[in-house]
A.B. asks: 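Supplied in structure tokens, the structure appears directly below.
Whatever order the structure lists them in is the order used to number ligands and atoms, beginning at 1. Predicted model, so just to flag it, every value in this text is computed and none were measured. The basis for the numbers below is simple: all heavy atoms, side chains too, and nothing from hydrogens, waters or symmetry mates.
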Amino acid sequence: MAFTIKSPSDIEGMRTACRLASEVLDLLTEHVVPGVSTERLDQIAHEHIVQVQKAIPAPLNYAPPGYVPYPKSICTSVNHQICHGIPNERPLKNGDIVNIDITVIKDGWHGDTSRMFVVGEGSIAAKRLCSITYDAMWRGIAKVKPGARLGDIGHAIQTFAEGLGFSVVREFCGHGIGQKFHEEPQVLHYGRPGTLEELVPGMTFTIEPMINAGRREIRELGDGWTIVTKDRSLSAQWEHTVLVTDNGFEVLTLSAGSPPPPAFVGSAA
Ligand code: MF3
Ligand code: CO
Ligand code: CO
């Protein structure tokens with residue numbers, strides 16, 4: 001078994017870190033308006049994480065093998081940017097869509113979550129992409145229970161998104177999370193039911209599908225981090241950190257401002 005199983009006290013640590021990450025998104029929500037720069041959003045988030053939450057912004061200086069250290073405290077991916085967008089001084093404009101991805105470390109535990117924000121008034125197409133990507137994430141989450149397999153999650157996301165004419169990014173995936181930012185297993189957002197690792201209670205991992213309006217191919221920008229769609233079509237992403245429980249799942253990255261689950265997710269979940 002390559003992945004870590006969290007004990008009840010580990011899970012308490014995860015719950016706290018994950019709630020804090022989600023609360024940073026709550027805090028940022030009112031600031032995501034036309035004219036604000038993503039650098040300003042980074043400053044607001046950094047201050048809150050460090051001064052108020054007494055936590056650590058995990059992205060800052062994060063440097064996996066082969067990467068230059070990430071220079072900011074949050075990721076902001078605008079329009080055709082898929083993920084890992086670096087905050088900068090450019091103002092957001094009416095109609096932009098932006099993914100804000102927050103990872104905090106509290107007492108050694110990581111919480112990782114992202115949401116889409118529509119700046120001002122978005123187009124119907126942009127709003128639809130964001131909403132379908134949210135549902136795609138939840139299609140995956142709804143599969144989580146002991147005995148299910150990682151392939152079930154990927155398959156649910158892929159068939160849902162592709163069935164609506166969207167494409168699923170392959171190069172980046174969800175991941176185990178805990179005392180490390182990125183642990184095993186990899187959680188692919190495509191796949192075949194009944195394949196890959198079996199889920200067992202105490203696993204914690206993220207589900208974070210990246211869905212493109214156009215083709216699935218990606219390109220990396222020269223900054224060493226930002227990933228964009230090759231065809232420059234819009235891309236959206238949502239992310240939760242989840243725990244496998246004895247009879248299903250618990251979404252750990254919830255807070256007062258989290259959007260409710262889609263209707264297809266039974267309230268028993
Ligand atoms: N939060 C991202 C994820 O969901 C990872 C960002 S790595 C960073 O896995 F260095 F860009 F922050
Ligand atoms: Co993640
Ligand atoms: Co993330």
A.B. asks: Return a table of donor-acceptor pairs under 3.5 angstrom between the side chains of residues 256-264 and protein atoms on other chains or two or more places apart.
C.D. replies:
| unit_1 | atom_1 | unit_2 | atom_2 | d |
| --- | --- | --- | --- | --- |
| Ser258 | OG | Ser22 | OG | 3.4 |
| Ser258 | OG | Ser255 | N | 2.9 |
| Ser258 | OG | Ser255 | O | 3.2 |

A.B. asks: Distance-only check: which donor-acceptor pairs under 3.5 Å involve side-chain atoms of residues 119-131, not counting sequence neighbours?
C.D. replies:
| unit_1 | atom_1 | unit_2 | atom_2 | d |
| --- | --- | --- | --- | --- |
| Ser123 | OG | Ala126 | N | 3.0 |

A.B. asks: Between the side chain of Ser114 and the main-chain N/O of Asn99, is any donor-acceptor distance below 3.5 Å?
C.D. replies: no
A.B. asks: Check this for me: Lys143, atom NZ, are more than 12 non-hydrogen atoms of other residues, nucleotides or ligands nearer than 6.0 Å?
C.D. replies: no
A.B. asks: State the count of protein N/O/S atoms located less than 2.8 Å away from the Co ion (ligand 2).
C.D. replies: 4
A.B. asks: Among side-chain atoms of Asp112 and His175, is any donor-acceptor pair under 3.5 angstrom?
C.D. replies: yes
A.B. asks: If we count only N and O atoms by modelled type, under 3.5 Å, do the side chains of Glu208 and His189 hold a donor and an acceptor together?
C.D. replies: no
A.B. asks: Kindly say whether the aromatic ring centers of His84 and Phe172 come within a distance under 6.0 Å.
C.D. replies: yes
A.B. asks: Check step by step if salt bridge (charged side-chain N to carboxylate O under 4.0 Å, His left out) holds for Asp26 and Arg115.
C.D. replies: CA-CA 10 Å; Asp26 294 357; Arg115 298 181 198 159; 2.8 Å; yes
A.B. asks: Identify all pairs of nitrogen or oxygen atoms, one from ligand 1 and one from the protein, separated by less than 3.5 Å, and list them with distances.
C.D. replies:
| unit_1 | atom_1 | unit_2 | atom_2 | d |
| --- | --- | --- | --- | --- |
| ligand 1 | 1 (N) | Asp101 | OD1 | 3.2 |
| ligand 1 | 1 (N) | Asp101 | OD2 | 3.1 |
| ligand 1 | 1 (N) | Thr103 | OG1 | 3.4 |
| ligand 1 | 1 (N) | Asp112 | OD1 | 3.2 |
| ligand 1 | 4 (O) | Asp101 | OD2 | 3.3 |
| ligand 1 | 4 (O) | Asp112 | OD2 | 3.1 |
| ligand 1 | 4 (O) | Glu208 | OE1 | 2.8 |
| ligand 1 | 4 (O) | Glu208 | OE2 | 3.2 |
| ligand 1 | 4 (O) | Glu239 | OE1 | 2.9 |
| ligand 1 | 4 (O) | Glu239 | OE2 | 3.0 |
| ligand 1 | 9 (O) | His175 | NE2 | 3.1 |
| ligand 1 | 9 (O) | His182 | NE2 | 2.8 |

A.B. asks: Would you please test Tyr62 and His182 for ring pair (Phe, Tyr, Trp, His ring centres under 6.0 Å) and show each step?
C.D. replies: CA-CA 11 Å; Tyr62 184 58; His182 295 100; 5.5 Å; yes
